[in-house]
Amino acid sequence: MEEKDILTGLDKYEEFLKKLETEIRKMEDYRIAIIYTDIKYFKYINDTFGYRRGDMLLKEFTRQVTQGNGNMLCAARVFSDNIVVASKVGSRMSNEEVREVIHRHNLEMEKRFRENYSAARLKFCTGISFISKEDRRLDPATAVSNANLARKIAKEMKEDCCVLFDSRMTDGIKREIEITSSLSRAIADGELKVYYQPKMKTDSVRIDGAEALIRWQKPDGRFIYPDEFIPVLEQSGQIVELDYFVYREVFRFIAGRMRENKPIVPISVNVSRAHLHKMEILSYLSSLFEEYRIQPNLVEFELTENIYIENTEKALQLIDGLHKMGTKVSMDDFGSGYSSLNLLSRLPIDIIKLDKVFLQDEETDNDLSENDKIIISCIIDMARKLRITSLCEGVETPEQSDYLSEIGCELQQGYYFSRPIPKNDFEMFMDRNFPGKGGLITA
């Protein structure tokens with residue numbers, strides 16, 4: 001007897017795989033499309049309107065996904081809001097044409113569901129893989145896994161949330177596994193190193209601080225870049241291990257400079273969103289301050305704008321804990337996403353870092369347009385009135401630096417002054433800025 005999912009009436013996943021295996025064996029002059037779809041922000045529906053409303057939506061979603069699909073061979077609810085469908089596809093229809101049909105259907109469903117369920121954020125994300133006669137030996141679970149992988153990629157996209165599986169995607173998964181499995185060993189073997197990028201005081205063009213940035217260099221000299229490994233470690237949860245490594249390295253660096261009575265400036269470190277779920281970071285930092293005996297004002301903490309927006313209350317708790325230690329907190333990447341200016345009045349932050357996008361204008365070859373200047377000037381003026389220090393990232397030309405000086409931007413950071421550099425180079429940079437001086441350099 002066939003087992004059915006109680007809520008949707010679809011096959012259970014195990015039954016679906018059996019049917020798909022049978023269909024693959026008897027396949028003739030057609031292909032089979034595996035269509036794996038879920039509802040983005042489904043948890044939001046459950047949390048906001050309750051599980052009963054969520055169940056109603058899921059039933060209707062199932063009906064819409066399977067209704068009118070005369071070529072459907074079988075369908076299952078994998079779990080939660082994840083639905084997989086296997087359909088016949090004629091030989092005359094290209095893979096891209098299939099994707100376009102499904103994408104249009106998703107858009108039509110989204111429109112109806114947003115109206116019927118008052119859920120403006122609701123979106124459907126679909127991954128599609130294909131099985132041809134040449135793939136008769138393909139394990140059905142692998143075909144579903146391929147479609148699911150494409151769905152996960154679709155879920156990260158802002159616009160087109162319908163993606164065809166490509167074999168190169170599995171290379172990405174292998175790469176992710178390589179990164180997550182080798183992090184601890186890479187730390188122990190010294191492959192991960194902290195680089196420092198100076199922050200310059202506008203009125204004196206002298207170093208006022210620095211940002212600690214992580215770099216991963218393999219034994220063969222090849223670099224794994226942060227935009228490749230940071231998202232992977234955020235997803236796996238290992239970003240906490242990486243953050244703690246950076247914090248300890250920075251504390252050790254500052255303490256070493258102080259022991260040698262050499263000049264030192266405040267160093268800022270990044271705080272990932274993973275720390276908002278647990279506040280263990282506060283006790284960890286407290287132990288570091290006690291162990292290395294350095295002043296709290298020598299370490300600053302940067303939280304991205306999106307962290308504030310996604311979980312303002314948790315961010316407030318973290319900021320409060322950091323302030324009680326005596327450290328400063330900055331809003332990083334301000335203006336890079338869906339920034340809300342009223343956050344500046346709500347959050348007790350000390351510094352805003354204007355994202356480098358404000359200084360990038362490809363059409364004018366890095367020359368700031370009048371509109372750019374107006375926006376930057378207004379933000380800096382607002383920060384000054386709120387008694388928040390302003391720092392602009394991505395400064396690459398003397399013209400940009402001069403303009404920021406004119407409008408009163410207090411700190412600047414970018415390649416015009418220095419790229420992120422290894423610890424030894426950064427030490428020489430500081431020594432050149434403060435010849436013959438020792439101790440903490442203050443503004």
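Computed from a predicted structure; not experimentally measured.
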Salt bridge flag under 4.0 Å for residues D55 and R52: no

Basic-acidic side-chain contact under 4.0 Å: R252, E249: yes

Donor-acceptor under 3.5 Å (S80 side chain, N82 main chain): no

Approximate separation, where rounding is to 0.5 Å, of I374 CD1 and I379 CD1: 12.0 Å

Check: A141 main-chain N/O paired with S145 side-chain donor or acceptor under 3.5 Å: no

Backbone of S418 reached by a side-chain donor or acceptor of Q197 within 3.5 Å: yes

Salt-bridge contact E191-R185 (side-chain N to carboxylate O under 4.0 Å): yes

Check: T180 side chain, I177 main-chain N or O, donor-acceptor pair, under 3.5 Å: yes

Pairwise side-chain contact, F130 with F165, heavy-atom cut-off 4.5 Å (strictly under): no

Main-chain N/O of L192 paired with R215 side-chain donor or acceptor, under 3.5 Å: no

N/O donor-acceptor pair under 3.5 Å between T142 side chain and L138 backbone: no

Intermediate values then yes/no, side chain to side chain contact (heavy atoms under 4.5 Å, CB included), V299 and I267: CA-CA 5 Å; V299 187; I267 308 295; 5.8 Å; no

D243 side chain to V271 backbone, donor-acceptor under 3.5 Å: no

Within-4.5 Å side-chain heavy-atom neighbours: F61 and F42: no

Ring center gap for F229 and W216 short of 6.0 angstrom: yes

Backbone of N433 reached by a side-chain donor or acceptor of R206 within 3.5 Å: yes

Side chain proximity check, I351 to M331, heavy atoms < 4.5 angstrom: no

Side chains of T126 and T37, donor plus acceptor under 3.5 Å: yes

Donor-acceptor contact present, side-chain S182 to main-chain E178, <3.5 Å: yes

Residue that, paired with K353, satisfies salt bridge (charged side-chain N to carboxylate O under 4.0 Å, His left out) out of E302, E300, E410: E302

Side-chain heavy-atom pair R257, P263 within 4.5 angstrom cut-off: yes

D220/K218 salt bridge by N-O under 4.0 Å criterion: no

Minimum side-chain heavy-atom gap L7-R77 below 4.5 Å: yes

Near-ring test F429/Y196, centroid separation under 6.0 angstrom: no

Pair F113 and F124, ring centroids less than 6.0 Å apart: yes

Straight-line distance of N270 CG to Y247 OH, nearest 0.5 Å: 7.5 Å

Residues E100, R104: salt bridge by 4.0 Å N-O rule: yes

Between CD on residue E241 and CD on residue Q238, distance to nearest 0.5 Å: 6.0 Å

Side chain to side chain donor-acceptor pair (under 3.5 Å) pairs, two or more places apart, involving residues 317-330: D320-K324, H323-D350

All pairs passing salt bridge (Lys or Arg N to Asp or Glu O under 4.0 Å) where residues 279-297 contributes a residue, at least two apart: R248-E291

pair D38-K155: side-chain heavy atoms closer than 4.5 Å: yes

Charged N-O contact under 4.0 Å between K262 and E260: yes

Minimum side-chain heavy-atom gap Y403-T397 below 4.5 Å: no

Short side-chain donor-acceptor distance under 3.5 Å, S405 and D402: no

Side chains of P420 and E211 in contact at under 4.5 Å (non-hydrogen atoms): no

Aromatic centroids of Y284 and H275 separated by under 6.0 Å: no

E60/R63 salt bridge by N-O under 4.0 Å criterion: yes

Flag for Q400-E396: side-chain donor and acceptor within less than 3.5 Å: no

